[in-house]
Amino acid sequence: MSGGIWIARDYLKCSGCRRCEIACSLHHEGKIWPESSRIRIFMLIPGLEVIHLCTQCPDYPCVNSCPTSALSIDEKTGAVVVDKGKCSGCGVCIKRCPGEIPHIHPEGGYVVICDLCGGDPQCVKACREGGWNALWIAEREFFKNTFKLYARKPEEMTRDLAFNLYGDLIEVEV
Amino acid sequence: MFGYNGRILEVNLTQEKIGEIKLEEEVLKKFIGGRGLAAKILWDRLGSRWEEIDPLGLENIFLALAGPLTGYYPGARICISGKSPQSNGIVGSTIGGEFAMELRCAGWDGIVVTGKASSPVYLFIRDEYVEIRDASHVWGLDGKKTAMKISREVRGELSRLWPTMGLWREPGLIYIGPAGENRVRIAAVMSKWTHAAGYGGYGAVMGSKNLKAIAVKGTKPLPPVADKSRVLELMDKVAKLSYANDRWRRWGTGYGGYSYGADTSSEPIRNWQEEWHNNVDYGVDKFERRIWVKRYWADYGCPTSCLKISVVKSGPFKGAITDNPDYELQAYLGTNLGVFKPEENAYISSAIDDLGLCGIQCGNILGFAGELYQRGILTRSDLNGLELSWGDSKAFTKLAEEIARRNGIGNILAEGTYRAALTLGKIKNVNLLSYAIQSKGIAVGAHGVRSGLDYPQQLSYACSVQGGDHTSIAGLPVDGPLWNTELSMIAADSGVVCAFNVWSLKILFEFMNSVTGWSISRDQWYNEIALRILQIQRAALLLGGPDIYWNPPVDDDNPERFYEPLPSGPCRGKSLNRVEVRKAVKEYYEAVGWDEYGIPKSEILRRLDLEDVDKALDKVRRRIRSI
């Protein structure tokens, strides 16, 4: 995987079980801790599960905007790596992310971003073990800009999914 | 102390006071959490004056309690309780979703709400931060709108108060619809549009407190456990067992609408006049192809994912959005009303969700009204002009709206099947209790006992401390499988975990011990802990009041209808036998330490350190023995 890996996602297959979050927080924190999870499932409207995690944009706006150089790129996987010591928790990277995906660790005060678990993402394992297959590993190859599309705000993705599943049957309020 | 945050949030709405209850390990060892702890708290606070407490009055307490397993055991639920406006006893009614997990991660094991707000409010909790917020703008709104508006508002508040954390997710939310606001005794506590804690009628208790919703966001980890590596192994084990169960993953309980009719002759049809059908148009494959738009929908941590999202996109029932419907609603909001079409069943279910009614209790009373109409006891003019013909989905839905809004006859039916039967019986001067398919004020679940082919049996509803609750049935032996006996189910409801993920009681008990570090034995569970919880529930039920009191020789029985022979299908002619039922009831009394009148014996109460319960029951002993 010369171009690194990407976690592909299928929103309509996501059951909302959040076992990906359990796997993520156990791996990174050794605890079950939903708000520390690097992958977060938003459910602004019931039934419309929004998988929210880093897409590794080819231009890395988060890395490039970090005022304390706390963010770097893992050469092997292409993942964004956070240097907790350097991060001031200023939130500039969050604002520069097209999906506002990074968030601040609820206890540590530093930003958390998916690090692809060094190339073996635990969320994907949990999802595939469950047979949901809402997450899987794809090669980055030449789709980098296309993958970046998946970095969108949960409100926008919720509206898209509502259009798909509920059509004009509900008035979306998110 | 492991597995617990060790504290419960307490909010007094009258005084707008926020406090906390510290939990002591010695108490938790006896009562665990959820249903058990609710019984303990209710008894301590209201036990001495139980029969005077109006479930819909100022003094009742609303509880939402998690347990030590909540969040660890796959499939999180929370247990809702209080003095039940249906049975006047204590019911533990669990509900799935993310609310329980958010609450535990906010550093609380539960919430207790007392008093009554002067105007509609909702609670907003973020970890230590607790706010009583105005809810007048959402009062009167249906379930779907309520959930969307509060969710959006709370996200906004989270961002306003803590703007530097990045995007905030939605809170965990429980709420009521118009039925709860109007203190309808069959109103449910709702979550996620379609989830309901229905048994007990606690939506009405929230409404009586002017409490529209509770929203919580937790940012902490779950509290630590005693043996982490063993807990992780057990989590994995349970998940694998759940993954291996293809039936509930594929269909949820949605296979039941056809199967419990065609395979086991135990499905309520037209108010239980029949229990067999072979209507292939009501097959799960029809639901699957016609209305399921999302095949797997799960609550927090759940490997089973028994829910499926249904949408009716076209035709005369366009607009319905609900889940599966699951079996209970396929039956009660389908076959029990003579409805055998997936989209019509989804249409009624969606409306019931929005109104915040319990699908089981409401479907039961709609069927009751349907039969009275069939027999000419209720007429069109009694029914606000409705023609309540079997199979007329729109007419039944309209009547459900009248119930939720307490319009006309809806005001009588809003009291639940038992009370409505008494009131209408008086008006019509005829005994209507024989058409009320309930036990101690609680409609029985959609699993009949006449055919003997389904899991509940002749004792199940007759002796349960939760009346007709099909998820907490009485049975012998008392230490039998989870779904067959209350003493086992109390483990799931106190844990608090979803019974649909409990594949082995052995694993459940090991899980409990690995989380808490205790060493509760099977013997201790059945002879002490669960038995103690059961006795408190039984005592509260027998104390009852203030409007209705139960008399075990009469009320520890099945609905009258179950003594009528099944009229159709392969089990035609089968019914319960009164002599056998009385015999089984006596055996059950003996097994759980109740006397010949069904009252817990002093000796067993004293052994369980329940002297105060024993003393309170003297009133009941005098009353019942004098009848």
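The sequence lines fix the lettering, A, B, ..., with proteins before strands; numbering per chain opens at 1.
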Review point. Does a side chain donor of either E157(B) or W168(B) reach within less than 3.5 Å of an acceptor in the other side chain?
Key: no

**Study point:** Which of R155(B), E98(B), K144(B), E170(B) touches chain A most, by non-hydrogen pairs under 4.5 Å
**Key:** E170(B)

Check your understanding: Got a salt bridge between E153(B) and R160(B), using NZ or NE/NH1/NH2 to carboxylate O under 4.0 Å?
Key -> no

Practice item. Find the one option among C20(A), P34(A), G89(A), P102(A) whose heavy-atom pairs under 4.5 Å with chain B are most numerous. Key: P34(A)

Review point. When heavy-atom pairs shorter than 4.5 Å are enumerated against chain A, which of L222(B), T304(B), V225(B) gives the highest number?
Key: L222(B)

Review point. Side chain, backbone, both or neither: which part of W162(B) has an atom under 4.5 Å from a heavy atom of chain A?
Key: neither

Check your understanding: Should R169(B) and E35(A) count as an ion pair when the cut-off is N to O under 4.0 Å?
Key -> yes

Practice item. Let me know if L26(A) has heavy atoms under 4.5 Å from chain B in its side chain, its backbone, both or neither. Key: side chain

Practice item. Assign the ring pair Y347(B) / F317(B) to parallel, tilted or perpendicular, where the plane angle (0 to 90°) is split at 30° and 60°. Key: perpendicular

Exercise for review: Check whether N164(A) gets within reach of chain B through its side chain, its backbone, both or neither, counting any heavy atom under 4.5 Å.
Suggested key: backbone

Review point. Quick one: what part of L12(A) sits under 4.5 Å from any heavy atom of chain B, side chain, backbone, both or neither?
Key: backbone

Exercise for review: Sort out for me which of T194(B), D323(B), D127(B), T219(B) touches chain A most, counting heavy-atom pairs under 4.5 Å.
Suggested key: T219(B)

Exercise for review: Quick one: which of R40(A), H103(A), E171(A) has the most heavy-atom pairs under 4.5 Å with chain B, could you say?
Suggested key: R40(A)

Study note, to complete from the structure: Given G167(A), C17(A), G109(A), the one with more heavy-atom pairs under 4.5 angstrom with chain B than any other is C17(A)

Check your understanding: Is a side-chain donor or acceptor of N64(A) paired with a backbone partner of D59(A) at a separation under 3.5 angstrom?
Key -> yes

Practice item. Check each atom of I309(B) against the heavy atoms of chain A and say whether the ones under 4.5 Å are side chain, backbone, both or neither. Key: side chain

Check your understanding: Do T516(B) and Y4(B) touch side chain to side chain, with heavy atoms closer than 4.5 Å?
Key -> yes

Check your understanding: Is K217(B) salt-bridged to E102(B), going by a charged N under 4.0 Å from an acidic O?
Key -> yes

**Study point:** Heavy-atom proximity to chain A below 4.5 Å, by part of L232(B)
**Key:** side chain

Practice item. For the pair R96(A) (side chain) and I94(A) (backbone), establish whether a donor and an acceptor sit closer than 3.5 Å, ignoring hydrogens and angles. Key: no

Exercise for review: Tell me, for S242(B) versus chain A, whether the close heavy atoms (under 4.5 Å) come from the side chain, the backbone, both or neither.
Suggested key: neither

Practice item. Kindly say whether G118(A) contributes a backbone atom to a donor-acceptor pair with the side chain of K76(A) at under 3.5 angstrom? Key: yes

**Study point:** Proximal component of H52(A), with respect to chain B [non-hydrogen, under 4.5 Å]
**Key:** side chain

Check your understanding: Top residue by heavy-atom pair count (under 4.5 Å) with chain B, among M43(A), E107(A), K31(A), E21(A)?
Key -> M43(A)

Review point. Salt bridge or not for D120(A) and K125(A), using N-O below 4.0 Å?
Key: yes

Review point. E156(A) and side chain to side chain donor-acceptor pair (under 3.5 Å): which partner among R152(A), R159(A), K153(A)?
Key: R152(A)

Point to revise | Under 4.5 Å from any heavy atom of chain B - which part of I104(A) | key: both

**Study point:** Test: K192(B) and D299(B) ion pair at under 4.0 Å
**Key:** yes

Review point. Which region of C105(B), side chain (C-beta onward) or backbone (N, CA, C, O), has a non-hydrogen atom less than 4.5 Å from a non-hydrogen atom of chain A, or is it both or neither?
Key: side chain

Practice item. Check each atom of R249(B) against the heavy atoms of chain A and say whether the ones under 4.5 Å are side chain, backbone, both or neither. Key: side chain

Check your understanding: Would W132(A) and Y296(B) count as a close aromatic pair, with their ring centres under 6.0 Å?
Key -> yes

Study note, to complete from the structure: Given P106(A), G47(A), S25(A), the one with more heavy-atom pairs under 4.5 angstrom with chain B than any other is G47(A)

Check your understanding: Are R104(B) and D109(B) within salt-bridge range, i.e. N to O under 4.0 Å?
Key -> yes

Exercise for review: Heavy atoms only, distances under 4.5 angstrom: which of K13(A), R19(A), E155(A) has the most pairs with chain B? Name it, please.
Suggested key: R19(A)

Review point. Is the centre of the W6(A) ring less than 6.0 Å from the centre of the F143(A) ring?
Key: no

Exercise for review: Measure distances from Y11(A) to the heavy atoms of chain B and classify the residue's part below 4.5 Å as side chain, backbone, both or neither.
Suggested key: backbone

**Study point:** Proximal component of Y243(B), with respect to chain A [non-hydrogen, under 4.5 Å]
**Key:** side chain

Check your understanding: Tell me, side chain or backbone of V312(B) under 4.5 Å from chain A's heavy atoms, or both, or neither?
Key -> backbone

Review point. Is the shortest side-chain N to carboxylate O distance from E49(A) to K294(B) below 4.0 Å?
Key: yes

Review point. Which region of S151(B), side chain (C-beta onward) or backbone (N, CA, C, O), has a non-hydrogen atom less than 4.5 Å from a non-hydrogen atom of chain A, or is it both or neither?
Key: side chain

**Study point:** Side chain / backbone / both / neither for E29(A) at chain B, heavy atoms under 4.5 Å
**Key:** neither

Check your understanding: For I321(B), is it the side chain, the backbone, both or neither that has a heavy atom under 4.5 Å from a heavy atom of chain A?
Key -> side chain

Review point. Which of the residues L167(B), V311(B), V293(B) is involved in the greatest number of heavy-atom pairs with chain A at under 4.5 angstrom?
Key: L167(B)

